[in-house]
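Input: a single structure, listed below in structure tokens.
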Amino acid sequence: MESINYRRGGIVFDIQRYSIHDGPGIRTIAFFQGCPLSCGWCCNPESQSMKPVLLFNAEVCVHCGKCLNACKYGALSVKNLSLIDRGTCVTCGECVKVCPAGALVIKGKEMTTGQLVKELKKDAITFRRSGGGVTLSGGEPLAQSDFAVELLKACKEQGWHTAMETTGLASDDVLKKVFPWVDLVLLDIKAFDSNVHKKYTGISNDVILKNSVIISDIAPTVVRIPTVPGVNASAGEYEAICAHVKKMNGVDTIHILPYHTYGENKYSLLGEEYPMKGLACLSKEEIESLKKTVEAEGFKCVIGG
Ligand code: SF4
Ligand code: SF4
């Protein structure tokens, strides 16, 4: 076994236990902070920044003003606490400590590989009994690739199954370093049309599509399509994605991840407008129709994670 640097650190914004949708068995998900994409439908917008972020819940704030006095940096606005100056805020947490209402929360915490593995060991029996393991998610785990590699190596040393939810955006060197340690890749393809991809995620998909082929050569891969009305929820877009997936190595299953609005309230905690405001979810019939398209292209299709 290669040596593991347990002191290698990174930023984790959540640890979620007892998940059954993100790989085989019962899993614990380590959510990595930071993502190079900014998908309009993202249900974890607090994960997009590469740094921890301060969230403010106006609905529980009692307007005592204690946070304003606690902030030495002038990052909070007297006129409107939702307008946190994120360029100035250093997420020191002083305002969080004095808030009597729990209206301020910092998401994202520095952890070493050793600290994270210690947390994950609490679920080791569940992993063993269920055939589960650890899933790295985000954000985009590849955005903290050195941390991801150390964590993955540590998981393998414990004998745990490893999975990664990723969009695959990274350099070739990162792909070769990370994916040999991953037992199952859950790879998102959000659109085949590069202009559509750029419009809704902030970047073109040229590198992502190229990398998807490389990744499938290294590790078993399932493709997932986050499916959003007006973006990619059409037979034509699905057929184009399926044609691309046929160029990948050994991919026989495509997951449809139907658009939902579970993350909408988080945008207000960040002081932002929800980019997809008012967008209706897909009907059961529309989802079934897309499933038939996938199956007609020769793939197994799963609705949901
Ligand atoms: S986290 Fe620190 S810098 Fe940011 S607003 Fe609160 S007190 Fe100010
Ligand atoms: S300390 Fe908390 S409750 Fe008081 S004004 Fe600030 S956010 Fe609101």
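Heads up: numbering here begins at 1 and tracks the sequence. In each ligand, atom 1 is the first atom listed, and ligand 1 is the first ligand listed.
- The pair Lys210-Asp172 counts as a salt bridge, with a side-chain nitrogen and a carboxylate oxygen less than 4.0 angstrom apart.
- The residues Arg224 and Glu165 are annotated as salt-bridged, a charged nitrogen and a carboxylate oxygen being separated by less than 4.0 angstrom.
- For Leu81, every heavy-atom contact with ligand 2 shorter than 4.0 Å involves the side chain, none the backbone.
- Closest to atom 2 (Fe) of ligand 2, if we only count protein heavy atoms, is Cys99 SG, 2.4 Å.
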(request) Check the pair Glu286 / Ser283 against side chain to side chain donor-acceptor pair (under 3.5 Å), numbers first and verdict last. (result) CA-CA 5 Å; Glu286 287 171 312; Ser283 67; 3.2 Å; yes
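- Given atom 5 (S) of ligand 2, the protein heavy atom at minimum distance is Gly65 N, 3.3 Å.
- A ring-centre distance under 6.0 Å is not found for Phe32 and Phe13.
- At a cut-off of 2.8 Å, Cys61 does not coordinate atom 2 (Fe) of ligand 2 through any N, O or S atom.
- With ligand atoms numbered from 1 in the order given, ligand 2 contributes 7 (S) to contacts under 4.0 Å with heavy atoms of Phe56.
- For the pair Leu104 and ligand 2, a heavy-atom separation below 4.0 Å is found.
- In this structure, a donor-acceptor pair under 3.5 Å is absent between the side chains of His197 and Ser204.
- The nearest heavy-atom contact from the protein to atom 6 (Fe) of ligand 2 is Cys67 SG, 2.4 Å.
- Judged purely by distance below 3.5 Å, without hydrogens or angles, the side chains of Arg27 and Thr135 pair a donor atom with an acceptor atom.
- Residue Lys246 qualifies as enclosed at atom NZ: its count of foreign heavy atoms under 6.0 Å is above 12.
- Contacts between Thr91 and ligand 1, counted as non-hydrogen atom pairs separated by less than 4.0 Å, involve the backbone only.
- The closest side-chain donor-acceptor pair between Ser77 and Asn80, if any, does not fall under 3.5 angstrom.
- The existence of a salt bridge linking Lys277 and Glu273 is excluded, since no basic side-chain nitrogen approaches an acidic carboxylate oxygen closer than 4.0 Å.
- Remark: the Tyr18 side chain and the Thr28 side chain contain no N/O donor-acceptor pair separated by less than 3.5 Å.
- Taking every non-hydrogen atom of Cys71 and a distance limit under 4.0 Å, the qualifying atoms of ligand 1 come out as 3 (S), 5 (S), 7 (S), 8 (Fe).
- Of all atoms in ligand 1, listed by their number and element, those nearer than 4.0 Å to a heavy atom of Cys95 are 1 (S), 5 (S), 6 (Fe), 7 (S).
- Here Cys89 does not reach atom 2 (Fe) of ligand 1: none of its N/O/S atoms is less than 2.8 Å from the metal.
- At least one heavy atom of Leu76 sits closer than 4.0 Å to an atom of ligand 1.
- Of all atoms in ligand 1, listed by their number and element, those nearer than 4.0 Å to a heavy atom of Tyr73 are 3 (S).
- The contact set between ligand 2 and Val62, taken as ligand atoms under 4.0 Å from a residue heavy atom, comprises 3 (S), 8 (Fe).
- For atom 4 (Fe) of ligand 2, the nearest protein heavy atom (residue, atom name, distance) is Cys64 SG, 2.3 Å.
- Distances below 4.0 Å separate heavy atoms of Gly93 from the following atoms of ligand 1: 1 (S), 2 (Fe).
- With distances taken over non-hydrogen atoms, the option nearest atom 3 (S) of ligand 1 out of Val90, Val96, Leu54 is Val90.
- A 6.0 Å sphere centred on NZ of Lys266 holds more than 12 heavy atoms belonging to other residues, nucleotides or ligands.
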